[in-house]
Amino acid sequence: GELASERVMLGLRTSSGISRNELADKYRHKFSDDAERHIAELARSGRLHDSDRVIHPTPEGRLVLNSITGTLCDNLEAVGSDERGGVQAV
């Protein structure tokens with residue numbers, strides 16, 4: 001994942017955010033279960049918007065963006081294709 005990590009770092013700094021679908025389909029990575037729990041907590045605390053499989057920081061989240069980015073980049077997992085063409089953790 002170096003490219004996936006870079007996409008997360010750059011995506012969180014843009015208004016378009018990070019698409020989980022793009023992360024899986026193009027970069028073959030997904031957020032770990034721990035990262036998903038962290039994302040949910042950040043959304044509950046008003047630091048991230050999480051909708052339609054896209055996440056992006058709120059103004060409050062931008063104040064702690066380096067911390068958010070570090071945690072999410074450290075919790076990426078490679079994915080592979082299953083026999084139906086879907087994505088699964090490797």
Fill in the blank from the handout: Between His29 and Ala78, the two heavy atoms sitting closest are CD2-N, 3.6 Å
Exercise for the section: Say whether Phe31 and Val64 are linked into one hydrophobic cluster, either directly or through other cluster members, by side-chain heavy-atom distances under 4.5 angstrom. Expected result: yes
Handout entry: Point-to-point distance, once rounded to the nearest 0.5 Å, from CG of Asp52 to OG of Ser19
Key = 10.0 Å
Handout entry: Check: Val54 and His49 side chains under 4.5 Å, non-hydrogen atoms
Key = no
Problem - 4.5 Å side-chain heavy-atom contact, Thr69 and Arg13 - result: yes
Exercise for the section: Would you name the heavy atoms of Ser5 and Cys73 that are closest together and state the gap between them? Expected result: O-SG, 3.5 Å
Exercise for the section: Supply the atom-to-atom distance Ile55 CD1 to Leu12 CG, rounded to the nearest 0.5 angstrom. Expected result: 5.5 Å
Exercise for the section: Could you check if a side-chain atom of Ile18 sits within less than 4.5 angstrom of a side-chain atom of Leu72, using non-hydrogen atoms only? Expected result: no
Exercise for the section: Would you indicate whether the side-chain heavy atoms of Arg7 and Lys26 approach each other to under 4.5 Å? Expected result: no
Practice task
To the nearest 0.5 Å, tell me how far Leu42 CG sits from Ile68 CD1.
Solution key: 5.0 Å
Handout entry: Hydrophobic cluster identity match, Leu65 and Val8, side-chain contacts under 4.5 Å
Key = yes
Problem - Minimum side-chain heavy-atom gap Leu76-Leu23 below 4.5 Å - result: yes
Practice task
Taking the side chain as every heavy atom from C-beta outward, state whether Asn75 and Arg37 have any pair of such atoms under 4.5 Å apart.
Solution key: no
Exercise for the section: Dump the intermediate steps for salt bridge (charged side-chain N to carboxylate O under 4.0 Å, His left out) on Lys30 and Glu77, then the final yes or no. Expected result: CA-CA 5 Å; Lys30 71 179 189 102; Glu77 297 178 344; 3.4 Å; yes
